[in-house]
Amino acid sequence: MESEQLYHRGYSRNSYNSIASASSDEELLDGAGVVMDFHTTEDDNLLDGDASSPGSHYAMSNGGGAPSSSTHLLDFLEEPIPGVGTYDDFHTIDWVREKCKDRERHRKINSKKKESAWEFTKSLYDAWSGWLVVTLTGLASGALAGLIDIAADWMNDLKEGVCLSAMWFNHEQCCWTSNETTFAERDKCPQWKSWAELILGQAEVSRRGMYIYWALSFAFLAVCLVKVFAPYACGSGIPEIKTILSGFIIRGYLGKWTLMIKTVTLVLAVASGLSLGKEGPLVHVACCCGNIFSYLFPKYSKNEAKKREVLSAASAAGVSVAFGAPIGGVLFSLEEVSYYFPLKTLWRSFFAALVAAFVLRSINPFGNSRLVLFYVEYHTPWYLFELIPFILLGVFGGLWGAFFIRANIAWCRRRKSTRFGKYPVLEVILVAAITAVVAFPNPYTRQNTSELIKELFTDCGPLESSQLCQYRSQMNGSKAFTDNPNRPAGPGVYAAMWQLCLALIFKIIMTIFTFGLKVPSGLFIPSMAIGAIAGRIVGIAVEQLAYYHHDWFLFKEWCEVGADCITPGLYAMVGAAACLGGVTRMTVSLVVIVFELTGGLEYIVPLMAAVMTSKWVGDAFGREGIYEAHIRLNGYPFLDAKEEFTHTTLAREVMRPRRCDPPLAVLTQDDLSVEDLQGVINETSYNGFPVIVSKESQRLVGFALRRDITIAIENARRKQEGIMLNSRVYFTQHAPTLPADSPRPLKLRSILDMSPFTVTDHTPMEIVVDIFRKLGLRQCLVTHNGILLGIITKKNILEHLEELKRHTESLVTSQRTRPARPSLLGRDA
């Protein structure tokens, strides 16, 4: 077998079939159970990629000038070549090369800082640039989050009516200064007029019609802005942020147009009443700010790996302003999105989250001196027997998460594979119309989702007028709330329970079809709303059970007569955390985020129990969270560090070329001419070439990228005369012996990677996968006794993992469907 491999190796200009390049992330991969085909990534397509991206093909002509008899070497290429080391769109960065570049830059600065005061100042600026960029990112993130919160609140109330005294006031602000409001009807004042009162009279039909009209108008405007100006502004953005932080390049995804359009359309999408939230997209907005500000500092603008440190800090700032949870934001960046998270990035993420939270607190968008709308505090401790309903809520959260992931991925896959996905505007209008028509009759679906969560989290007290707090008084049987905590539920509570059950079904169905629309759509708030509704229902049920059966052994020890031992709002909070954990599979960061929302340390144990239960239950149906599932659906080249590789394959079974494939295209170190190199580049679509000593020896010398070769040749022909088609190209330190009348040779050693990562053909794939994950490799060469055998790219590994996964699933399916062997008793009978 080895002799056949050596026989088929050699210098080849034949390429595999090109992979069709897609122009956007929506066209990356259908993902309908096929081997993942990650398009136009330079590391993934080194053997069979598509090099049709801009700048990949160069028409090389004679550089002019007569043939020179001089053997003068073209050594100017030892200097940095403009463009070499950069990346095209939909390519993966070389983490090792980027880290080497940063270390070299750092050594250069340190060597010069003692030469003059100017150089010392430059070194200080370089050292502090990291803190400056995260400070600017935190300031911008906090300011934009405050603007989005204020605008979304105002536009949400705009669907109901307008404030005549000041149009920029929302409903609550409009009635603040009114002297004609009562405690029971605090939201009614002469200054606030509904659209039905202003235009069409008092009819309920007119009120519903205006509500639907504004919802459709906001949704239509949002999807049109996204489609026309910034297609990347749709969705949550977190799957793409995770992929970008792993080293993938998506040009424009974090650009200024995406930032502007996402900020505007996020307000419109939330105000339209769709079952979505703004918390996830705020992470995308913050990362856009971090990316834009990083271009102000050469330390980050010229190094993709360093830029991702800024993006990690920006994602922490995004969660900080989304939930008012700075520490939770740092843990979210560490646990959920970041691929490379050194200690200094932890500090800067903490600082960025602090700055963003400070700015948002200064703006005070909700008027309650808090960072979030649904900040609550409970004054009743939880008891040990309540762990049972808390764990049941965790089971519900895990089941809901598993169901939602499968249903949403199935719908998104169907959208991609049918004609329905070609009409995103029609889809958004249809979903918005159904949402508005069905949601209007129910007050718990008509109101803003954040307001709903706030109402469900809030504990009943003397100042609460919610229908959920209309308990019977033991004194006269009325529905008024009394200070007696041990109270039976009144008709208002039972009516609210039925409305919450209908709202729960509505939210579950609509969230499945809403997440993935071509508008900014977050998943945090809808998932928390579903969990909060379920938790509040369970909390009221347990509360009434404790009231009517206080002599049961569960309640007898803790629930004394007249003692308030059940807090339904706490159940809503635990349910919200459980459902969000079931969907995203977050654990530590989620508990800290919800803990920062409530401000109480004593509820960490219920939260931990519910979140861990939801994760265990969800993992029983599949280990992928919703973001990992969408990454796989879109075909992004992302190696998840959470997945375990338990198979026993070897590197030679995964490497390319295989036995039936064309030979591996390689370059020799000193036998090629410019014309030969031009032929290899034009006749193949590979994005990188191993360099060997000669066709006979096949000894590995290094690795050269296609983009670097073409840029270096074009740069040499522009700056130096005498480079012709028959000029010798060499990658060695010294020029080969040439005839006296030969044209000037071209030295390309400066673009050659002299230490590419290599493994032997007998290396276990579990080690290879671990190397790719921890070092962020794009490719790895396979050798046998120093002789080049093949190459393994990230695409090959992802394809291999997908094949193994499908093979395992098919084995499980066959075992389940295989008829059972008849027993001896059955045969005897």
Side-chain angles (χ1 to χ4, degrees), residues 22 24-38 234-240 242-243 274-277 280 396-424 426-432 434-435 438 504-519 521-524 526-527 529-531 579-585 614-615 617-636 638 640 643 798 801-803 805-810 812-813 816-817:
S24 70
D25 57 332
E26 298 143 2
E27 304 169 356
L28 287 174
L29 178 65
D30 183 0
V34 298
V35 176
M36 303 206 306
D37 192 4
F38 308 108
C234 67
S236 169
I238 293 180
E240 288 76 15
K242 286 172 67 74
T243 308
L274 290 168
S275 183
L276 49 82
F396 172 78
L399 293 175
W400 147 251
F403 169 74
F404 172 78
I405 292 172
R406 293 195 177 187
N408 181 256
I409 292 299
W411 173 248
C412 291
R413 183 179 292 119
R414 182 173 180 83
R415 180 192 292 130
K416 286 175 174 287
S417 59
T418 60
R419 296 185 60 186
F420 190 65
K422 299 180 180 179
Y423 306 99
L426 179 62
E427 183 185 9
V428 171
I429 293 299
L430 184 61
V431 174
I434 295 174
T435 303
V438 179
L504 178 63
I505 298 173
F506 170 79
K507 288 286 185 183
I508 288 176
I509 296 174
M510 294 312 301
T511 303
I512 292 173
F513 294 97
T514 303
F515 189 71
L517 294 177
K518 299 305 178 186
V519 293
S521 54
L523 191 59
F524 286 177
S527 298
I530 291 171
C579 283
L580 184 54
V583 171
T584 63
R585 308 296 162 84
S614 68
K615 178 174 174 57
V617 173
D619 286 347
F621 295 92
R623 301 183 66 86
E624 282 185 334
I626 184 64
Y627 301 129
E628 290 79 12
H630 272 271
I631 287 174
R632 188 164 62 90
L633 175 67
N634 289 328
Y636 296 137
F638 180 77
D640 192 357
E643 293 184 4
L798 291 168
L801 293 175
E802 189 70 15
E803 291 174 0
K805 182 179 179 181
R806 291 205 317 274
H807 179 67
T808 304
E809 291 175 352
S810 63
V812 173
T813 304
R816 290 177 179 174
T817 58

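Below, each value reflects all heavy atoms present in this structure, side chains not excepted, and no hydrogens, waters or symmetry copies. Note that the structure is a prediction, hence the values are computed from the model and not measured.
In this structure, CZ on F621 lies 11.5 Å from CD1 on I405, to the nearest 0.5 angstrom. Interatomic distance, OH of Y636 versus CD1 of I631, reported as 8.5 Å (0.5 Å rounding). In this structure, I409 CD1 and I626 CD1 are separated by 4.5 Å, a value rounded to the nearest 0.5 Å. The CD atom of E427 sits 5.0 Å away from the CG atom of L517 when rounded to the nearest 0.5 Å. Rounded to the nearest 0.5 angstrom, T511 OG1 and I530 CD1 are separated by 4.0 Å. Once rounded to the nearest 0.5 Å, the distance linking CZ of F403 with CD1 of I512 reads 4.0 Å.
Side-chain contact between I508 and F404 is absent, with no heavy-atom pair separated by less than 4.5 Å. Residues T243 and N634 form no side-chain contact, since every pair of their non-hydrogen atoms from C-beta on lies 4.5 Å or further apart.
Checked against side chain to side chain donor-acceptor pair (under 3.5 Å), T435 has no partners two or more places apart in sequence or in another chain. Taking the ring-ring contact (aromatic ring centres under 6.0 Å, His included) definition, one finds that F396 meets it with nothing, sequence neighbours left out. Remark: D619 engages R585, K615 in a side chain to side chain donor-acceptor pair (under 3.5 Å) (not counting sequence neighbours). For the side chain to side chain donor-acceptor pair (under 3.5 Å) test, no residue two or more places apart in sequence or in another chain qualifies with S527. Evaluation of the salt bridge (Lys or Arg N to Asp or Glu O under 4.0 Å) rule for E624 yields R632 as partners, not counting sequence neighbours. Residues meeting the ring-ring contact (aromatic ring centres under 6.0 Å, His included) test with Y627, sequence neighbours left out: none.
Under the side-chain contact (heavy atoms from CB on, under 4.5 Å) rule, C412 has a single partner from K416, R415, R414, which is R415.
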### Query
side chain to side chain contact (heavy atoms under 4.5 Å, CB included) between F524 and I238: does it pass, once the steps are laid out?
CA-CA 11 Å; F524 286 177; I238 293 180; 4.2 Å; yes
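A donor-acceptor pair is defined here as one N or O able to donate and one able to accept, closer than 3.5 Å; such a pair exists between the side chain of N408 and the backbone of F515.
Here the shortest heavy-atom pairing between S275 and P526 reads O-CG, 3.6 Å. Minimum interatomic distance between G581 and S614 (heavy atoms only, all atoms of both residues): C-OG, 3.9 Å. In terms of heavy-atom proximity, S521 sits nearest to G516 at OG-N, 3.9 Å.
The pair R623-E628 does not count as a salt bridge, with every side-chain nitrogen at least 4.0 angstrom from each carboxylate oxygen.
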